[in-house]
Amino acid sequence: MKLDKRCYQQISILAGIVLAQNVLAQQKPNIILIVTDQQRFDCIGAMGNQAISTPNIDRIASDGVLFRKAYVSVPSSTPARASLLTGCSPWQHGLLGYGKVAEKYPYEMPQMLKNAGYFTFGIGKMHWTPQRNLHGFHGTLLDESGRVESADFVSDYRQWFAMEAPGENPDQTGIGWNEHRGGVYALDQNLHPSEWTGNEAVRFISNYKQKEALFLKISFARPHSPYDPPQSYLDKYKNIAMPAPVVGDWCANFANRPMKADAAFGDFGAEHARESRQYYYAAITFIDDQVGRIVESLKQNNMYHNSLIIFISDHGDMLGDHHHWRKTYAYEGSAHIPFIVKPPKDFGHQEGSSLSQTVELRDVLPTMLDAAAIEKPQPMDGLSVLSIIANSKADWRPFIDLEHATCYEHENYWCALTDGKEKYIWFFHTAQEQYFDLVSDPYETKNLIKDKKQQKQIAKWRKNMSNHLSVRGMPYFKDGELQQFDATVLYGPNYPKNK
């Protein structure tokens, strides 16, 4: 059949459109999300800590952008992971403290990327309920740190362990999941969950041959306790001086508490704090080596340069600061986290730069959507950090909100606001306030709430808090005033009512 010139032109145009679409599909970046559990902000070398060794994480920062004022709005595992999953603030997704990640949300990270043509896979700790919930992943390999929420659940790590070391106990080191003492891993290093997670990530990357762009979430269950690094990693810190816990002028009443192994508060002495940090640091360096192997695998498989790589933690660890241990607090050790973004090579960012805007876990999903050219849904209140990576003077939020429902003791129920330079904290059950100048006092040793020179600034932050909580109404806010109340709200009105 003979075609006229016009038909040839139309065919040519259609072919060009198809070719352009194929080029765009090929250019869609891989997305690699690396998550650690309970790693505080200052425990990477790139943040200026000269005592800790994290050369591989630092190398990602040198290829990307380091966010110096990154926070988690609700600093414990499940609400943090709800923000990560949904791209929403705690009030928007509804989990306001340590509860259960909902079974289904209107918008979820793996599902949205899967719908956009990504192959989606998760390795490591998800901390979801039900534990085998995929939330849109094509598949997962789970290490759930010994959690068993249904009689038939065994994590993939523990099934693998049973094959590799029949009859052995994966918890043989003998340290509880929330203790803050350390211990050398009692089994061969290759059986450790951190190495298992690294191995499975490398194996998956090496085997990945699909034409679709890849979204891979790699989630380590450490350095969350037990602090149980292999001996060789602890040896690296044998002659390294550990930073001592900071002690504020406001925390004396937290010192003399029952000396339980998993205590949330208490002065356990300088030697306990030093040893605790040694094991914790060693656990991070062990993970850092796994991160190095993952990066090398991405490079060997020609995936590194065309990948958006995000490194974060779900929350921090107080490590004895202010006689506080573990997390769920508004303070820097608990709520301030590492946050590194390496855009694809052709993004045009300034490699090795750092930014001081306040970012939060809710910003991770919008950043992924932006990189993949997926429209962000209106209810999603996180922001894409690519805008400020491209232009550091671009509009951004003036501050971030933090909160946590009651945990450990009645008084520990609070909401806070920070711009990374100042922090204001309101305690719901006691009506107490704290105000810190993070520029001159980055570890919050001086509560300035009664300082006469600071009252104008404090009034500004108190007004910001009133505005923030006013949309919630009672019991948080009434007649223009912040409210003191005795109840605890764990699940907000926006928490999905899934069956």
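For H180 and F268, the gap between ring centers is short of 6.0 Å. Between Y413 and F485, the ring centre distance stays below 6.0 Å. For Y279 and Y237, the ring centers are positioned 6.0 Å apart or more. Aromatic ring centres of H224 and W177 lie farther apart than the 6.0 Å criterion allows.
Take D441 and apply the side chain to side chain contact (heavy atoms under 4.5 Å, CB included) test, not counting sequence neighbours, and it matches F436, T445, K446. Applying the side chain to side chain contact (heavy atoms under 4.5 Å, CB included) rule to T129 yields the partners K100, E149; only residues at least two apart in sequence or on another chain are considered. Every residue two or more places apart in sequence or in another chain that forms a ring-ring contact (aromatic ring centres under 6.0 Å, His included) with F265 is listed here: F254, H324, Y329. For A416, the side chain to side chain contact (heavy atoms under 4.5 Å, CB included) test picks out A330, L402, W414, I425, with sequence neighbours left out. Under the rule for a ring-ring contact (aromatic ring centres under 6.0 Å, His included), the partners of Y71 that lie at least two apart in sequence or sit in another chain are H336. Not counting sequence neighbours, the partners of D42 by the side chain to side chain donor-acceptor pair (under 3.5 Å) test are R40, Y443. By the side chain to side chain contact (heavy atoms under 4.5 Å, CB included) test, N391 is found to be paired with K393, A394, residues two or more places apart in sequence or in another chain being considered. T36 is linked by a side chain to side chain donor-acceptor pair (under 3.5 Å) to Q39, S313, counting only residues two or more places apart in sequence or in another chain.
Side chains of H93 and L85 form no contact here, defined as non-hydrogen atoms less than 4.5 Å apart. Between W426 and L417 there is no side-chain heavy-atom pair separated by less than 4.5 Å.
Although no hydrogens or angles enter the test, the distance criterion places a donor-acceptor pair under 3.5 Å between the side chain of Q455 and the main chain of I449. The backbone N or O of T358 sits nowhere less than 3.5 Å from a side-chain atom of D419 that would complete a donor-acceptor pair. The backbone N or O of M126 sits less than 3.5 Å from a side-chain atom of E144, completing a donor-acceptor pair.
Residues in residues 338-369 take part in these ring pair (Phe, Tyr, Trp, His ring centres under 6.0 Å) pairs, two or more places apart or across chains: F67-F339. Pairs engaging residues 447-469 under the salt bridge (charged side-chain N to carboxylate O under 4.0 Å, His left out) rule: E433-R462 [sequence neighbours left out]. Residue pairs meeting the salt bridge (charged side-chain N to carboxylate O under 4.0 Å, His left out) criterion with at least one member in residues 365-386, sequence neighbours excluded, do not occur. Judged as a ring pair (Phe, Tyr, Trp, His ring centres under 6.0 Å), not a single pair has a partner in residues 353-375 (not counting sequence neighbours).
The one candidate from Q290, K125, Q38 that meets the side-chain contact (heavy atoms from CB on, under 4.5 Å) condition with F220 is Q290. Each of Y281, Y280, W325 was evaluated against Y227; a single residue qualifies, Y280, per the ring pair (Phe, Tyr, Trp, His ring centres under 6.0 Å) test.
Note: L383 CG to R362 CZ = 8.5 Å, rounded to the nearest 0.5 Å.
Between S334 and H315, the side chains place no donor N or O within less than 3.5 Å of an acceptor N or O (distance only, hydrogens not considered). Checking Q434 against Y331 by side-chain atom types alone, a donor-acceptor pair falls below 3.5 Å.
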